[in-house]
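Beneath this line is the structure, given in structure tokens, with notes to follow.
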Amino acid sequence: MSQEPQVIYLKDYTVPSYNIETTDLRFELFEEETLVKAELKISRNPECKATNPTLDLFGHEDLELCRLTIDGQVLSASDYQRDGEILKIGNLPESFVLQSVTRIHPETNTALEGLYKSDGMYCTQCEAEGFRRITFFPDRPDVMSIYRTTVEAEQSKYPVLLSNGNPVDRGESEDGRHWVTWEDPFPKPSYLFALVAGDLQHIEDSFTTMSGREVRLMIYAEEKDLDKLDYAMLSLKNAMKWDEETYGREYDLDIYMIVAVDFFNMGAMENKGLNIFNTSCVLANPKTTTDASFQRVEGVVAHEYFHNWSGNRVTCRDWFQLSLKEGFTVFRDAGFSSDMNSRTVKRVEDVAVLRTAQFAEDAGPMSHPIRPDSFIEISNFYTLTIYEKGAEVVGMVKTLLGEELFRKGSDLYFERHDGQAVTTEDFVQAMEDASGKDLSQFRAWYHQAGTPELNVSDSFDEANGTYQLNVKQRCPATPGQDKKTPFHIPLAMGLLDTAGNEIQLSNGETTQVLDVVESEQTFTFSGLSAKPVPSLLRGFSAPVKLFYPYTRDELMFLMANDSDGFSRWDAAQKLAVDIMQELIAAYQPDTAMQLDQRLITAYRSVLETEGLDKAMVSKVLTLPSEAYLSELADVVDVDAIHHVRKFVRQQIAEQLEDQLLKIYRENDLEVEYSPDADSIARRSLKNLCLAYLISLDKEEYLQLAQSQYNKADNMTDMQAALALVAHSPFADEAETMLTEFYENWKEESLVVNLWLSIQSCDPKAGALSRVEKLMQHPAFDSKNPNKLRSVISVFCMQNSINFHAMDGSGYRFLADRIIELNKQNPQIASRMLTPLTRWKKYSPERQSLMKAQLNRISQSGELSKDVYEVVSKSLA
Ligand code: B3K
Ligand code: ZN
């Protein structure tokens with residue numbers, strides 16, 4: 001980048017000056033170069049009021065423009081201006097045909113944006129601004145065009161040639177080359193364009209839509225992975241049916257294709273009719289895939305499918321509106337996963353991510369509202385805030401409107417805006433119009449960043465039998481937003497009487513949603529004979545931090561009695577957090593700790609109660625993560641958090657050893673693997689028990705883990721046992737198992753990633769040198785984002801105790817990686833920076849070590865916009 005990166009503001013938005021009616025593309029793929037021939041039918045946009053506007057095309061600086069014509073007339077360099085990414089053409093007629101020939105180099109594209117090669121096959125990633133790395137085009141989401149694409153390549157190497165829509169023509173030429181032409185009848189923004197060329201195999205199935213149309217479903221992968229595609233196909237069909245039943249949305253093309261690629265910057269991409277997936281989000285087979293990955297495949301397949309309506313048919317006007325499609329689509333996929341599995345478990349998992357990672361983001365230097373006002377590099381805004389908080393905001397709309405009106409609102413939104421590029425405001429407006437509810441104050445969620453805090457206190461008036469809840473809200477300042485106005489917060493709550501029964505509230509139910517709209521508000525409940533215990537923020541009805549001075553006994557009471565499953569889990573978390581925070585505050589190395597026995601009592605009761613939902617038992621008995629405890633701390637005491645958590649885990653294991661072993665044995669069944677919710681719950685409970693037991697460092701539990709490993713017929717049990725042994729103090733056994741595992745699975749790239757991750761998050765001393773050694777291993781490939789994530793991100797984000805080593809070695813290591821990756825793959829580089837951006841949360845010594853590395857990155861030479869934005873905001 002030659003100049004200082006430019007900040008793009010939402011307030012500067014203007015409508016495009018020209019429409020692109022049709023886009024005809026021809027790709028000639030060669031080993032040393034690719035030629036892209038484009039023919040665009042262009043006309044003035046009547047909505048643009050400027051006189052004689054220029055046509056602004058985007059084209060990455062690396063594009064080589066070979067030829068440019070308007071209505072057949074060749075333009076010379078003086079007929080247009082090319083400045084950085086922008087190519088401007090003036091003096092244009094009302095409508096015309098623009099033709100261009102561009103030379104690009106997918107074979108050397110390591111950024112994995114635009115057209116690139118993954119393991120010998122060509123594929124694309126255009127969202128958000130990758131299309132400008134392919135050809136000159138008004139690459140902005142509000143320019144929608146009908147595409148016709150011809151792909152031409154050598155037939156033997158690239159027998160499969162795909163693009164969006166339906167294949168309409170094909171042919172061969174004498175020189176061993178062939179071509180296929182695709183037509184997509186739906187106008188789409190350039191970010192949804194896709195192309196694939198490779199030696200691929202596929203599985204095929206079909207789906208009959210609710211109006212009786214038959215859709216061909218094809219999933220493509222390399223031949224060796226053909227046996228790992230069935231689960232994605234099943235998930236796709238389930239998703240198609242669910243979207244018809246739940247949102248009335250039907251698929252629109254005759255074909256739906258998914259392609260699995262190994263080199264991919266994120267999870268997957270919803271290109272119209274041709275989704276491209278990271279192998280990690282589509283391949284699944286019991287032998288090679290863990291339960292967590294099965295669920296991820298199901299969720300991501302559904303997510304990309306749901307985008308066909310929330311994203312593709314109704315798209316974003318500009319990238320500030322990203323949460324319009326992402327928040328809504330995450331909300332939709334969460335609903336799907338809840339219906340396919342367990343609603344409470346899904347909620348618990350989502351909330352844990354939100355509270356741990358999104359809250360941290362909201363409190364950090366990159367904090368932004370779900371509809372940001374400005375950015376330097378849009379790729380930096382594919383965040384937990386846009387996605388997960390965005391989904392929470394849609395969820396709150398649903399809570400405020402109720403099931404039926406929410407559906408009415410979504411129907412209106414899809415009908416009103418079908419084929420348009422719109423804003424989050426259009427979404428809220430449709431919800432308001434359909435429901436008649438006033439969402440004016442609610443809109444603050446879209447433009448105010450930060451996590452609101454609710455301070456709740458209560459009082460009971462015995463004489464009148466009235467109970468009062470006093471709720472105060474505030475939201476901490478975030479960069480650029482010092483003052484916030486009060487949010488409209490739906491606070492779902494219930495009251496329990498002293499016997500643990502739910503009290504009927506004034507709405508006739510036992511759960512009521514309070515509209516918190518003032519900075520301070522009091523809610524009164526009458527007709528009570530004794531002071532109740534409040535159950536607050538049921539189902540996590542709003543993405544806020546809620547403080548209420550629960551006693552530990554009250555939390556145990558809620559764990560046992562609350563009718564809301566989410567709240568029972570939450571009470572267990574709060575109890576564990578409260579007890580652990582006390583130990584963390586008092587922590588001194590080599591000084592004995594004393595565990596509050598109430599945690600043991602509570603856990604024992606959960607283990608001994610018959611008939612509880614296994615998934616919930618395993619969630620309830622999982623201690624809050626180090627990352628969550630860090631998020632909750634004002635100043636993160638890395639060592640105290642690590643050692644306290646370890647101590648508490650060992651205490652639980654010691655005192656509940658018999659119960660844990662009993663549950664382990666009861667759930668260690670020799671039955672055929674199935675990825676259904678009950679079986680997943682059983683395995684997760686079993687493996688949780690094993691994890692507790694192995695923390696006792698006893699030979700017999702090492703053997704139990706070894707025997708589980710040896711007899712496992714699925715990767716879930718095998719991986720769990722391997723991780724436990726690998727992290728245990730039984731060094732020789734760990735070494736043997738790791739070596740054997742690699743030998744057995746070295747041909748399976750995704751299994752090798754598990755092997756890399758397990759070693760990278762090993763908390764034992766010496767982790768950094770093991771990580772550095774792993775990076776020299778033949779299994780590692782520094783160009784492949786999945787490998788980078790499995791080693792570097794796992795070490796920096798899941799191995800706190802080693803990453804935050806007081807000698808600064810972890811920070812230096814990460815900075816070195818960022819400096820290397822900044823050139824090679826800016827998106828990955830910038831994403832990996834996250835742990836260093838959190839420097840304000842640490843002790844002064846660590847702060848200065850972390851900042852020194854941020855400064856080093858900042859001065860390391862020319863930075864990509866991606867890395868520049870994150871580093872400069874972190875140091876601001
Ligand atoms: N829409 C894509 C994300 C694209 C990220 C570009 N840097 C995947 C998804 O959210 O479905
Ligand atoms: Zn998405």
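Ligands are counted one by one from 1 in listed order, and the atoms in each one are counted from 1 as well.
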E326 atom (N/O/S) at minimal separation from the Zn ion (ligand 2): OE1

Which N, O or S atom of H307 lies nearest to the Zn ion (ligand 2), by name: NE2

Option passing ring-ring contact (aromatic ring centres under 6.0 Å, His included) with F331 (candidates F306, F427, F406): F406

Which of the atoms of ligand 1 are close to [X], meaning less than 4.0 Å from one of its heavy atoms?
X    : result
H307 : 9 (C), 10 (O), 11 (O)
Q827 : 7 (N)
M269 : 1 (N), 2 (C)
K325 : 1 (N)

For [X] and ligand 1, does the shortest N/O to N/O distance drop below 3.5 Å?
X    : answer
E326 : yes
E270 : yes
Y387 : yes

Starting from [atom], what is the nearest protein heavy atom, named by residue and atom, and what distance separates them?
atom                    : answer
atom 8 (C) of ligand 1  : A268 O, 2.9 Å
atom 1 (N) of ligand 1  : E127 OE1, 2.6 Å
atom 11 (O) of ligand 1 : E304 OE1, 2.7 Å

Looking at the rings of [X] and [Y], which for Trp means the six-membered one, are their centres under 6.0 Å apart?
X    : Y    : answer
Y231 : F294 : yes
F277 : F264 : no
F193 : F27  : yes
W319 : F375 : no

NZ or CZ of R332 within 45° of Y247 ring axis and under 6.0 Å: yes

Y147 and F131 aromatic ring geometry - parallel, tilted or perpendicular at 30°/60° bounds: perpendicular

H60 backbone acceptor or donor facing R132 side chain under 3.5 Å: no

